[in-house]
Amino acid sequence: MKKTLLLLAALSLSTAATAVNIDYATWDGTRQQADEALIAAFNKSHPDITVKYNLVPWGVYWQKAAAMVAGGSTFDVMWMNLDNFPFYQSQGALSPIKLDAKTAAALPSVRTAPYRVAGQLYAVPLGPQPVTVYINRALFKERGVPVPTSSWTFDQMLAAAKKLTFTKDGKQIYGINGADLQADLEYGMSFYFGAGGTGLIKKTGDSYTANLDATFAKTSQKLLDLIYKDKVSPGPQASTQQGYQMFLAGQMGILVQGSWMVSTWDQNKELDWAFAPFPSVDGKQPRPVVSAHALVVPSGSKNKDAAQTLVTWMNTSPQAQRILAQKGLLPTLAENYKSQYLQALPGRNAQTVFAQLPNSVVINFSLRSLKVLPEVLTVLSQKLNLAWTGNAKLPDAIKQASSEMDTLLKTAK
């Protein structure tokens with residue numbers, strides 16, 4: 001008996017000695033419950049690897065990411081977006097991810113392609129994360145507004161937003177979250193691409209130039225008018241709450257946001273929400289944006305093998321895919337788990353999310369090799385924000401943005 005106990009103790013000590021601890025980092029608090037469930041399941045199925053969850057605020061997150069370039073301490077698995085990927089990859093801050101043939105074949109190429117450089121895969125996408133439209137059905141019914149159909153247009157959306165803007169019990173109800181629809185950011189860009197936009201930066205040969213053309217200007221004006229002309233949205237300075245907070249509180253009729261917000265709506269059990277089709281602009285087919293967030297393994301990770309095991313498991317294992325789909329989030333292999341996703345969101349018109357995927361645009365896919373992309377997009381955002389906050393005329397903001405973008409792009413390779 002003593003020998004058995006000693007042997008078990010020795011095995012336990014051996015396992016503890018060889019166990020690997022890895023740090024997983026994300027900025028997305030809307031997925032916290034799902035991520036913690038995933039990590040708990042992974043830890044249980046991989047007793048030799050212990051994963052610690054780290055939720056890091058957006059600004060601080062990128063400060064930590066900068067340490068990857070400086071060679072300082074880093075997390076083992078991190079979230080990455082396509083805007084920042086070119087810089088970190090070009091600086092050697094990311095490790096290539098090795099996948100076996102079966103796993104590589106299972107991943108949709110449309111989602112892995114943006115993260116391939118010179119034949120090497122440097123990130124594995126977390127799944128399609130499309131921009132979607134949410135509606136408050138109770139407000140639609142109260143105001144006599146028809147629930148949107150697949151033929152919904154921008155003009156019909158505006159007409160609905162006007163009817164949904166009113167005062168009730170001393171509280172201001174707004175039609176839509178226009179303050180979030182800055183035309184250079186993912187929500188507003190979904191209207192821009194739907195209007196026929198081809199991209200905010202144009203590549204000709206080896207040169208890049210700003211592409212803030214007539215389509216961009218016209219779409220930007222439509223979206224800006226929601227605040228200052230049509231007055232169906234609070235301005236950035238007119239409310240202490242963000243658009244999603246007003247929607248959650250039942251004080252907004254239409255919300256353009258990401259598909260990842262579904263768990264947030266559970267905080268208000270009385271909220272009668274549903275997905276709606278993305279509206280067409282100028283008679284063209286809707287083309288909403290998909291944010292291609294992905295998992296990366298920093299070069300500074302001291303546990304690369306364990307980190308890659310986690311990345312692969314989270315993106316391809318049936319258990320991980322089911323956990324996400326059952327929580328109303330689109331997993332990497334979304335199409336394979338459509339039934340579980342729809343079952344998790346009964347009566348929410350969730351099929352519209354899948355209906356729009358084939359025509360969606362992966363944001364900044366064509367610019368994945370542009371190293372100065374973060375700086376260029378920051379300049380554009382800063383100038384457009386002046387118009388969105390009422391501190392500049394839109395044509396002036398676009399002109400200034402185009403000029404400063406071109407200055408940065410002249411040296412881009």
Side-chain angles (χ1 to χ4, degrees), residues 28-34 129-149 152-182 185-188 190-191 223 225-279 288 327-330 341-342 344-353 356 388:
D28 189 359
T30 66
R31 280 177 51 122
Q32 182 169 357
Q33 289 185 351
Q129 301 185 81
V131 172
T132 56
V133 176
Y134 298 96
I135 62 171
N136 182 322
R137 287 186 295 203
L139 288 178
F140 269 67
K141 183 177 180 180
E142 179 179 343
R143 302 295 288 175
V145 180
V147 171
T149 66
W152 207 30
T153 67
F154 186 93
D155 289 342
Q156 289 173 328
M157 183 190 75
L158 175 57
K162 288 179 178 179
K163 288 185 178 181
L164 293 164
T165 301
F166 65 106
T167 302
K168 179 181 180 180
D169 299 330
K171 293 181 179 180
Q172 179 63 51
I173 312 297
Y174 283 100
I176 192 169
N177 60 322
D180 299 321
L181 304 184
Q182 193 168 306
L185 304 178
E186 56 190 340
Y187 309 141
S190 293
F191 293 95
L223 298 172
D225 283 348
L226 296 173
I227 302 172
Y228 298 105
K229 178 186 175 182
D230 304 312
K231 301 186 185 303
V232 295
S233 165
Q237 300 169 344
S239 175
T240 58
Q241 291 183 304
Q242 295 184 45
Y244 85 90
Q245 292 171 320
M246 297 189 72
F247 185 80
L248 180 62
Q251 291 180 250
M252 185 165 285
I254 303 167
L255 185 82
V256 181
Q257 255 278 4
S259 61
W260 53 87
M261 293 295 291
V262 295
S263 61
T264 303
W265 312 144
D266 288 339
Q267 296 174 25
N268 183 352
K269 299 300 182 183
E270 296 181 357
L271 181 65
D272 182 15
W273 69 271
F275 290 105
F278 213 90
K327 290 185 176 294
L329 295 170
L330 292 173
Y341 180 83
L342 296 179
L345 300 168
R348 303 294 189 188
N349 200 23
Q351 63 270 19
T352 61
V353 178
Q356 73 181 39
W388 247 255

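A quick note: this is a predicted structure, and the numbers were derived from the prediction, not measured.
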State, yes or no, whether a side-chain contact exists between [X] and [Y] at a heavy-atom distance under 4.5 Å.
X	Y	value
Lys171	Gln251	yes
Phe166	Glu142	yes
Met252	Pro234	yes
Leu223	Phe191	yes
Leu226	Ile176	yes
Gln267	Leu248	yes
Pro277	Thr352	yes
Asp230	Leu158	yes

Looking only at heavy atoms, what is the nearest atom pair of [X] and [Y], with distance?
X	Y	answer
Gly250	Leu139	O-CD1, 3.7 Å
Ala344	Gly328	CB-N, 4.0 Å
Lys327	Val262	O-CG2, 4.0 Å

>> For the residue pair Asn349 / Gln351, report whether a side-chain donor-acceptor contact shorter than 3.5 Å exists.
In response: yes

>> Run the salt bridge (Lys or Arg N to Asp or Glu O under 4.0 Å) test against Arg348 and tell me which residues pass, sequence neighbours left out.
In response: none

Where the side chain of [X] meets the backbone of [Y], is there a donor-acceptor pair that is under 3.5 Å apart?
X	Y	value
Lys231	Tyr228	yes
Gln356	Val131	yes
Gln156	Thr153	yes
Asp272	Arg137	no
Thr30	Met261	no
Ser233	Gly178	yes

> What is the ring orientation for Phe247 with Tyr134, classed by angle as parallel under 30°, tilted 30 to 60°, or perpendicular over 60°?
Replying inline: tilted

>> Can you tell me how the ring of Tyr244 sits relative to the ring of Trp265, calling it parallel under 30°, perpendicular over 60° and tilted otherwise?
In response: tilted

>> Could you go through Leu164 and Ile173, starting from their C-alpha distance and side-chain angles, then the distance that decides it, and tell me whether this counts as side-chain contact (heavy atoms from CB on, under 4.5 Å)?
In response: CA-CA 7 Å; Leu164 293 164; Ile173 312 297; 5.8 Å; no

Distance in Å, [X] [atom1] paired with [Y] [atom2], rounded so as to fall on 0.5 Å steps:
X	Y	atom1	atom2	result
Phe140	Ile135	CZ	CD1	4.5 Å
Ser259	Gln129	OG	CD	6.5 Å
Asn136	Lys141	CG	NZ	12.5 Å
Tyr341	Leu329	OH	CG	7.5 Å
Gln241	Asn177	CD	CG	13.0 Å

>> Determine whether Val256 and Ser190 satisfy the following criterion, side-chain contact (heavy atoms from CB on, under 4.5 Å), listing intermediate values before the conclusion.
In response: CA-CA 10 Å; Val256 181; Ser190 293; 5.8 Å; no

> What's the verdict on side-chain contact (heavy atoms from CB on, under 4.5 Å) for Leu330 and Val353, showing C-alpha distance, side-chain angles and the deciding distance?
Replying inline: CA-CA 9 Å; Leu330 292 173; Val353 178; 3.7 Å; yes

>> I'd like to know whether Ile254 forms a side-chain contact (heavy atoms from CB on, under 4.5 Å) with Met157, so could you lay out the CA-CA distance, the side-chain angles of the two residues, the decisive distance to 0.1 Å, and finally the verdict.
In response: CA-CA 9 Å; Ile254 303 167; Met157 183 190 75; 4.0 Å; yes

> What salt bridge (charged side-chain N to carboxylate O under 4.0 Å, His left out) pairs are there with at least one residue in residues 153-165, not counting sequence neighbours?
Replying inline: none

>> Would you say the ring centers of Phe278 and Trp152 fall short of 6.0 Å from each other?
In response: no

> With a cut-off of 6.0 Å (strictly less than), are more than 12 heavy atoms of other residues, nucleotides or ligands near CD of Gln33?
Replying inline: no

